[in-house]
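When reading the values below, keep in mind they use all heavy atoms of this one structure, side chains included, and skip hydrogens, waters and symmetry mates. Counting starts at 1 for both ligands and their atoms, in listed order.
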Amino acid sequence: MNYENILSEFDSGITTITINRPKKLNALNKATIAELHEAFKAADQDKSTKVIIITGSGNKAFVAGADISEFADFDVDQGEQLAAQGQELLFDYVQNLSTPVIAAINGFALGGGLELALACHFRVASSNAKMGLPEVSLGLIPGYGGTQRLTQLVGKGRAMEMIMTAMMVDANQALAYGLINHLIAQDELLSFCESIARKIMRNSSVAIKAAIKAVNANYTDGVNGYQVEVKAFGNCFGTADFTEGTTAFLEKRKADFPGE
Ligand code: COA
C-alpha cells in the first residue's frame with residue numbers, strides 16, 4: 001500500500017513503520033494518524049510480521065507532537081473528538097495489538113509523540129532523544145493517553161512534574177525513570193531494536209499474544225488481570241505452539257513454532 005506520510009517496510013519478520021514528515025518533525029496530523037492505523041492493522045494481520053518497530057524519519061525527531069496547526073481553532077467538542085478518535089485509531093489500538101510493537105525513539109518525542117511511544121509495548125531511545133509532555137505550555141493537557149500511561153510507567157510524582165513543568169527529559173534521565181528500556185547510539189538504534197525483535201521471534205507468537213493481553217489486563221478498569229492470566233495460561237495448553245515448545249525441550253532441540 002502507498003502512504004503519503006509514512007513508510008512501511010517488511011524484512012525478515014519485522015515490519016518497520018517510519019513516520020515520514022521530517023520537515024514538520026514528524027508531527028501527527030489527522031492523515032498521518034489514519035495511515036498509521038492502516039499500517040499497524042496491516043502488519044498485525046500479516047502472519048509473517050512477528051514484530052513491529054515504529055520510528056521517525058530524519059535524525060532529529062521521533063514525533064514532535066500532534067500537529068498544532070490542525071487544532072489551533074478547535075472548540076470544546078472538536079477537542080474532545082480529536083482525543084477520542086486518536087486514542088481509538090492509534091494509541092489504544094497500538095497498546096492492544098497482538099503483535100509486539102517497539103518504539104525506536106530517534107530524537108524529540110513530545111506530546112502525542114511521547115504518547116505514541118508510551119502506547120508501544122516498550123521503548124528504546126537514541127542518545128540524542130528528548131522526551132516530554134509539553135501540552136500545558138499550550139493551554140492543553142495530554143489527550144492521547146499521556147496522563148495515564150506516563151503515570152503507569154514512571155510513577156505519579158515524576159509524571160506530575162513532567163506534565164506540570166512541560167520539561168523535556170534526556171535519554172539518560174528517561175532510562176533512570178524506566179521510561180525507556182535501553183539507550184543506544186543513534187546510528188545503532190534500529191539495528192539494536194532489530195536484534196531485540198529477533199529474540200522475540202524465537203518464541204511462540206501465540207504465547208506472546210496471550211502475554212500482551214494478560215499484561216494489558218492490569219491496566220483495564222473492571223478486569224481482574226490475575227483471572228485473565230489464569231485463563232490465558234490454560235488456553236496455551238491447547239495450542240500447537242505449546243506441543244511444539246514442550247516436545248522440542250524434551251527432545252533437546254530448538255522449537256520450530258507453527259504459530260498456532
Ligand atoms: N505541530 C506542528 N508543527 C510542528 C510541530 C507540531 N507539534 N513541531 C514542530 N513543528 C514544525 C515547526 O512548526 C516547523 O515548521 P516550519 O519550518 O514550517 O516553521 C518545523 O516543524 C521545524 O520545527 P522548529 O520549531 O523550527 O524546530 P526547532 O529545532 O527550533 O524546535 C521543537 C524543535 C521540537 C523544540 C519545537 O518544534 C517544538 O517545540 N515543537 C512543538 C512541541 C509540542 O509542543 N508538542 C506538543 C503538541 S500537543
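Among pairs with a residue in residues 18-38, those fulfilling salt bridge (charged side-chain N to carboxylate O under 4.0 Å, His left out) read Arg21-Asp67, at least two apart in sequence or across chains.
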Which atom pairs, one a donor and one an acceptor, fall under 3.5 Å between side chains of residues 253-260 and the rest of the protein, sequence neighbours left out?
unit_1	atom_1	unit_2	atom_2	d
Arg253	NE	Glu251	OE1	2.8
Arg253	NH1	Glu244	OE2	2.8
Arg253	NH2	Glu244	OE1	3.2
Arg253	NH2	Glu251	OE1	3.4

Taking only distance into account, with no hydrogens and no angle test, what donor-acceptor pairs under 3.5 Å do side-chain atoms of residues 144-163 form with protein atoms, sequence neighbours excluded?
unit_1	atom_1	unit_2	atom_2	d
Arg149	NE	Gln95	OE1	2.5
Arg149	NH2	Asp92	OD1	2.6
Thr151	OG1	Thr147	O	2.5

N/O contact list for ligand 1, threshold under 3.5 Å:
unit_1	atom_1	unit_2	atom_2	d
ligand 1	1 (N)	Ala66	O	3.4
ligand 1	1 (N)	Ile68	N	3.0
ligand 1	7 (N)	Ala64	O	3.0
ligand 1	7 (N)	Ala66	O	2.9
ligand 1	15 (O)	Lys24	NZ	3.4
ligand 1	18 (O)	Lys24	NZ	2.6
ligand 1	21 (O)	Lys23	O	3.4
ligand 1	29 (O)	Lys60	NZ	2.6
ligand 1	45 (N)	Ala64	O	3.1

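Side-chain N or O atoms of Asn26 include one that pairs as donor or acceptor with a backbone N or O of Phe62 at under 3.5 Å. Side-chain N or O atoms of His121 include one that pairs as donor or acceptor with a backbone N or O of Val101 at under 3.5 Å.
Annotation: the span from Ser98 atom OG to Ile212 atom CD1 amounts to 6.5 Å, rounded to 0.5 Å.
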